[in-house]
Trainee: 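Have a look at the structure that comes next, please.
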There are 2 protein chains.
Amino acid sequence: MSPTKKRIFEEAARLFQEKGYPAASMRDLASRVDLSVSSLYSHIGGKEEILQKICFDNARHYLRVMAEVEKGPDDPAEQVRTLIRQHIKTALEDITSVTVFNDEWRHLSEPYLSEFAKMRKDYERRFIRIISNGQKRGQFTDLDPTIALFTMLTSLRWLHQWYPAKKGISKKALESNILAMLMHGLEKR
Amino acid sequence: MSPTKKRIFEEAARLFQEKGYPAASMRDLASRVDLSVSSLYSHIGGKEEILQKICFDNARHYLRVMAEVEKGPDDPAEQVRTLIRQHIKTALEDITSVTVFNDEWRHLSEPYLSEFAKMRKDYERRFIRIISNGQKRGQFTDLDPTIALFTMLTSLRWLHQWYPAKKGISKKALESNILAMLMHGLEKR
DNA sequence: GTCTATAACTTGATAGAC
DNA sequence: GTCTATCAAGTTATAGAC
């Protein structure tokens with residue numbers, strides 16, 4: 001990918017995060033990369049192409065991690081911990097892209113929207129299977145697996161608003177705190 | 001409020017939830033309430049007025065609940081439980097409005113945006129104080145209070161996508177599962 | 001309160017010169 | 001690959017008749 005094209009994608013991700021996809025205009029984007037609007041179209045096919053790349057790159061990434069975890073040791077508690085750690089790691093490494101992936105995917109048009117939903121559903125199904133396994137072995141509390149899953153997945157969504165501002169806390173500390181919160185909860189017992 | 005005005009606000013909330021505020025047009029809204037676009041303006045001042053009402057009604061509600069909790073028994077664990085229960089209750093009772101409040105507030109224009117941010121920050125500050133109190137008394141684990149707070153607050157944000165589809169599970173069961181997950185975590189110990 | 005018609009503006013995208 | 005100029009469609013909102 002050419003340097004200009006790369007810059008366009010990076011600035012677009014930032015813009016989509018700040019304003020949301022529909023409110024982000026190609027004029028905004030052009031001004032940020034210091035090009036005219038029409039010049040953008042020498043590098044990309046259109047606005048939605050950018051959203052598609054962000055969404056599917058991330059979806060593929062998460063599915064790849066899931067496949068690795070499934071191939072690894074058959075220990076549900078460790079598998080869940082690995083998945084959460086990966087979510088945190090990915091979110092911190094490329095918080096802009098992950099945020100857009102999380103919040104803006106619904107603005108994909110068909111048939112991309114359906115394709116994306118399928119991948120998402122697949123990921124959730126496989127995650128829930130791991131949680132169910134852990135419950136069968138008595139490692140996990142008998143919560144509804146879906147509730148447990150979504151509580152974990154969404155609890156990472158505040159990072160992009162909050163973490164950049166709070167430099168005092170290290171990535172390691174952040175990871176261990178979130179992991180402790182989700183695995184052990186707030187209350188002592 | 002007149003019945004027509006009420007219907008406009010209700011349909012608008014649904015529309016904002018489905019498409020997001022910027023992508024929801026007054027034409028969409030007019031068509032849903034079976035009026036012409038111009039007739040909408042006999043009932044409301046404009047598009048953003050609807051968003052403002054949703055955001056500030058909810059913000060005031062949450063702050064009112066917080067005030068009651070602060071006046072109640074000085075037991076941090078019980079206070080946190082009450083707050084979470086209230087979040088779940090409110091979300092289930094008016095899931096559309098709460099979702100818009102959560103996801104679309106950033107599209108408020110000034111000075112409303114700053115006013116809203118102030119109320120939000122106030123709520124967070126007071127919630128964090130309760131968590132810190134619980135930690136000082138040894139009721140809570142020594143997590144970073146901000147991390148604990150946002151993990152709790154955002155973990156409720158998936159309800160609107162998921163709960164309407166999954167009728168098998170009762171509100172009571174949902175509440176106890178989420179509460180258990182946040183207070184005790186996934187893992188047995 | 002309702003409508004039709006329209007103003008004033010922004011949107012994504014393209015034509016065509018250089 | 002860059003630009004200026006422009007298009008066609010969509011946006012919120014209003015004027016004014018009934």
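First the proteins, then the strands, lettered A, B, ... as listed; each starts at 1. Any value given below was found using the heavy atoms of this structure, including those in side chains, with hydrogens, waters and symmetry copies removed. This is a predicted model, so every value here is computed, not measured.
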Trainee: Listed by chain and number, what are the side-chain contact (heavy atoms from CB on, under 4.5 Å) partners of A:S42, not counting sequence neighbours?
Mentor: none
Trainee: Could you check how far CD1 of B:I44 sits from P of D:dT14, rounded to whole Å?
Mentor: 11 Å
Trainee: In this structure, how many angstroms lie between the C1' atom of D:dA9 and the NZ atom of A:K47, rounded?
Mentor: 14 Å
Trainee: Any salt bridge (Lys or Arg N to Asp or Glu O under 4.0 Å) pairs touching residues 170-181 of chain A, not counting sequence neighbours?
Mentor: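 Checked against salt bridge (Lys or Arg N to Asp or Glu O under 4.0 Å) - neighbours excluded - the pairs reaching residues 170-181 of chain A are A:R85-A:E175.
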Trainee: Using the C1' atoms of the five pairs at each end, what is the angle between the end axes of the helix from C:dG1-D:dC18 to C:dC18-D:dG1, to 10°?
Mentor: 10°
Trainee: With sequence neighbours excluded, what pairs up with B:K89 under the salt bridge (Lys or Arg N to Asp or Glu O under 4.0 Å) test?
Mentor: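 Here the qualifying residues are B:E93.
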Trainee: A:F101 and A:F56: aromatic ring centres closer than 6.0 Å?
Mentor: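 They do not qualify: ring centres at least 6.0 Å apart.
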Trainee: Between C1' on D:dA15 and OH on B:Y41, what's the gap in Å once rounded to a whole number?
Mentor: 14 Å
Trainee: Test of understanding: with side-chain contact (heavy atoms from CB on, under 4.5 Å), list the residues that count as partners of A:K188, not counting sequence neighbours.
Mentor: B:T141
Trainee: Among residues 11-30 of chain B, which contact DNA chain D at a heavy-atom distance under 4.0 Å?
Mentor: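 Here the set is B:A24, B:S25, B:M26, B:R27.
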Trainee: Quick one: list whatever passes salt bridge (Lys or Arg N to Asp or Glu O under 4.0 Å) with A:K53, sequence neighbours left out.
Mentor: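 Result, salt bridge (Lys or Arg N to Asp or Glu O under 4.0 Å) vs A:K53: A:D57.
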Trainee: Could you pull out all residues at least two apart from A:H184 that satisfy ring-ring contact (aromatic ring centres under 6.0 Å, His included)?
Mentor: none
Trainee: For A:S109, what residues pass the side-chain contact (heavy atoms from CB on, under 4.5 Å) criterion, not counting sequence neighbours?
Mentor: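 Only A:E48, A:Y112 meet the side-chain contact (heavy atoms from CB on, under 4.5 Å) criterion with A:S109.
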Trainee: In whole Å, what is the span from the CD atom of B:E48 to the C1' atom of D:dA13?
Mentor: 14 Å
Trainee: List for me each residue that meets side-chain contact (heavy atoms from CB on, under 4.5 Å) alongside A:D122, sequence neighbours excluded, and say none if there are none.
Mentor: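 Per chain and number, A:D122 pairs via side-chain contact (heavy atoms from CB on, under 4.5 Å) with A:L63, A:R125, A:R126.
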Trainee: Taking ring-ring contact (aromatic ring centres under 6.0 Å, His included) as the test, write out the residues that go with B:F16, two or more places apart.
Mentor: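 For B:F16 the ring-ring contact (aromatic ring centres under 6.0 Å, His included) partners, ignoring immediate neighbours, are B:Y21.
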Trainee: Please list each protein N or O that sits under 3.5 Å from an N or O in nucleotides 2-4 of chain C, with the distance.
Mentor:
residue : atom : partner : partner atom : Å
C:dT2   : OP2  : B:H43   : NE2          : 2.5
C:dC3   : OP2  : B:S36   : N            : 2.8
C:dC3   : OP2  : B:S36   : OG           : 3.2
C:dC3   : OP2  : B:S39   : OG           : 2.8
C:dC3   : N4   : B:S38   : OG           : 3.1
C:dT4   : O4   : B:S38   : OG           : 2.6

